[in-house]
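First comes the structure, then the notes that go with it.
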Amino acid sequence: MKPPPFEYHAPRDVGEALRTLAEVGGKVLAGGQSLIPMLNMRLAAPAHLVDISRLRELQVMEATEDGVRVGAAVTHAQAERSEAHPLLSRALKLVAHPVIRNRGTVVGSLVHADPAAELPAVLAVLGGSVRVARWDGPVRDVGAEEFFVGPMESAVQPGELAVSAFFPALGPRTGAAFEEVARRHGDYALAGVCAVVTLGEDGHAEAATLACIGVGHVPVVVDVAGNPAEAARVVRERVEPEGDIHASADYRRHLVGVLAERALRNATREAGVRGA
């Protein structure tokens, strides 16, 4: 199918993009890897598209000792090649296929807020944030715990533009892992778990946080530092998976427990190496 008719806007800078969004509303077009299929399937029919993909101000990544800030026009492939954040790079290798990663953007994936996508889990488990701007208001940083509102729904309001995302750095004696199971590489995961573990001086887990995908309306974040040996049980009690033609709800619940144990084990091992 072809998309419904729309008016195309190509602003020359972020200010013009914000002014256009304030005047006409519409949808923001960055990489288009989620939006274009939705248009073609007539699942979305905006009257205006505001293309930000050529705005140099949004094509920047800034890495500091505190973390990495990724501009809204930075593609998956650019972020992956930069290796600026080990967990982000690891998760990006699981996102779809190279052709899609060459066009799709990191921030676009966050705003799309697909509950089975990898990048929302990375932002959630790290406690990151998304910077949102509008023409007639102040810039605001929205924490991951408030950014993902529901399936395919983020905190970005009509007339607003997500200009960047911030992924906090992994601290000392901290390791991370991302484990998922998909029918084929590049498909959406049946379930997945992202883990971050920090070891204390005595070698025991001082902090251990998991973020699960494909088993809830948003990334399900679970703190298992108090009882890592019971991580599988705790996670299975917290998630609310749904069944479909690919997997039943019971199978997804079982699977996420197995992946939680595996991710926790691998993140702990990496934390030990980084702390050595």
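Each residue takes its place number in the sequence, starting with 1. It should be emphasised that the depicted structure is a prediction, and the values quoted were computed from it without experimental measurement.
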Take Leu49 and Leu35, measure what side-chain contact (heavy atoms from CB on, under 4.5 Å) needs, and give me the verdict at the end. CA-CA 10 Å; Leu49 285 186; Leu35 179 58; 3.8 Å; yes
Under the side-chain contact (heavy atoms from CB on, under 4.5 Å) rule, what do Glu57 and Asp13 come out as? Steps first, then yes or no, please. CA-CA 7 Å; Glu57 304 152 88; Asp13 53 43; 3.3 Å; yes
Phe178 vs Leu259, side-chain contact (heavy atoms from CB on, under 4.5 Å): CA-CA, chis, key distance, verdict: CA-CA 9 Å; Phe178 204 125; Leu259 294 173; over 6 Å; no
Test side-chain contact (heavy atoms from CB on, under 4.5 Å) on Val132 and Val139; report intermediate values, then the result. CA-CA 6 Å; Val132 179; Val139 172; over 6 Å; no
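You'll find the side chain of Phe6 stays beyond 4.5 Å of the side chain of His48, heavy atoms only. The shortest distance between side-chain heavy atoms of Asn227 and Val234 does not fall below 4.5 Å. Val163 places a side-chain heavy atom less than 4.5 Å from the side chain of Leu58. By the 4.5 Å heavy-atom criterion applied to side chains, Leu119 and His76 are counted as neighbours. Between Pro228 and Leu264, the closest side-chain pair of non-hydrogen atoms falls below 4.5 Å. By the 4.5 Å heavy-atom criterion applied to side chains, Tyr251 and Leu190 are counted as neighbours. Between Val125 and Leu210, every side-chain heavy-atom pair lies at or beyond the 4.5 Å cut-off. Between Glu179 and Asn266 the shortest side-chain heavy-atom distance falls below 4.5 Å.
Taking both residues in full, the closest heavy atoms of Ala17 and Leu55 are given as CB-CD1, 4.2 Å, listed atom of the first, atom of the second, then distance. The shortest heavy-atom contact between Ala91 and Val122 is CB-CG2, 3.5 Å. Smallest separation of non-hydrogen atoms from Ala44 and Pro4: O-CG, 3.9 Å. When all heavy atoms of Pro3 and Asn40 are compared, the pair lying nearest together is CD-OD1, 3.0 Å. Residues Ala225 and Ala207 share a closest heavy-atom pair of CB-CA, 3.9 Å. Contact record, Thr198 with Pro172: CG2-O, 4.0 Å, taken as the closest heavy-atom pair.
Taking CZ of Phe167 as the reference point, atom CG of Leu126 lies at 7.5 Å (rounded to 0.5 Å). With rounding to the nearest 0.5 angstrom, the CD atom of Glu153 is 12.5 Å from the NE2 atom of His112. To the nearest 0.5 Å, atoms CD (Glu180) and CG (Leu255) are separated by 10.0 Å. One finds the CZ atom of Phe147 at 11.0 Å from the CG atom of Asp141 (value rounded to the nearest 0.5 Å). Atom-to-atom distance recorded for Asp250:CG and Arg236:CZ is 11.0 Å, nearest 0.5 angstrom. A distance of 11.0 Å separates CG in Leu21 from NZ in Lys27, rounded to the nearest 0.5 Å.
The hydrophobic cluster containing Ile36 also contains Tyr8, counting ILVMFWY residues as joined when their side-chain heavy atoms lie under 4.5 angstrom apart, directly or transitively. Both Val224 and Val220 are members of a single hydrophobic cluster when ILVMFWY side chains are connected at heavy-atom separations under 4.5 Å. Leu161 and Leu110 end up in different hydrophobic clusters when Ile, Leu, Val, Met, Phe, Trp and Tyr side chains are linked at under 4.5 Å. In the hydrophobic clustering of this structure, Val235 groups with Val181; members are Ile, Leu, Val, Met, Phe, Trp, Tyr whose side-chain heavy atoms approach within less than 4.5 Å, directly or through other members. Note on Phe148 and Leu87: same hydrophobic cluster, where clusters join Ile, Leu, Val, Met, Phe, Trp and Tyr whose side-chain heavy atoms are under 4.5 Å apart, directly or indirectly.
Side-chain atoms of Arg140 do not come within 3.5 Å of backbone N or O of Arg131 as any donor-acceptor pair. Remark: side-chain polar atoms of Glu160 are not paired, donor with acceptor, to backbone N or O of Arg134 under 3.5 angstrom. The backbone N or O of Ala176 lies less than 3.5 Å from a partner atom in the side chain of Arg90, making a donor-acceptor pair. Listed for the Gln78 side chain is a donor-acceptor partner under 3.5 Å among the backbone atoms of Thr75. Between the side chain of Thr174 and the main chain of Leu170, no donor-acceptor pair closer than 3.5 Å is present. Side-chain atoms of Arg269 do not come within 3.5 Å of backbone N or O of Gly175 as any donor-acceptor pair. Formation of a donor-acceptor pair under 3.5 Å by the Ser109 side chain with backbone atoms of Val106 is not found in this model. Panel note: side chain Arg54, backbone Ala73; no donor-acceptor pair is recorded below 3.5 Å.
A salt bridge is absent between Arg173 and Glu270; no separation between the charged side-chain nitrogens and carboxylate oxygens falls under 4.0 Å. A salt bridge is absent between Arg265 and Glu261; no separation between the charged side-chain nitrogens and carboxylate oxygens falls under 4.0 Å. Note on Arg253 versus Glu240: no salt bridge recorded, every NZ/NE/NH1/NH2 to OD/OE distance being 4.0 Å or above.
No hydrogens or angles considered: a donor-acceptor pair under 3.5 Å links the side chains of Ser53 and Asp51. If you check the side chains of Ser164 and Arg69, you find a donor sitting under 3.5 Å from an acceptor.
The neighbour count for Arg103 CZ, taken as heavy atoms of other residues, nucleotides or ligands under 6.0 Å away, does not exceed 12. Counting heavy atoms of neighbouring residues, nucleotides and ligands inside a 6.0 Å radius, atom NE2 of His254 does not exceed 12 of them. The environment of His185 atom NE2 is dense: over 12 non-hydrogen atoms of other residues, nucleotides or ligands sit within 6.0 angstrom.
When the options Leu43, Val111, Asp114 are evaluated for a side chain to side chain contact (heavy atoms under 4.5 Å, CB included) with Met152, the one that passes is Asp114.
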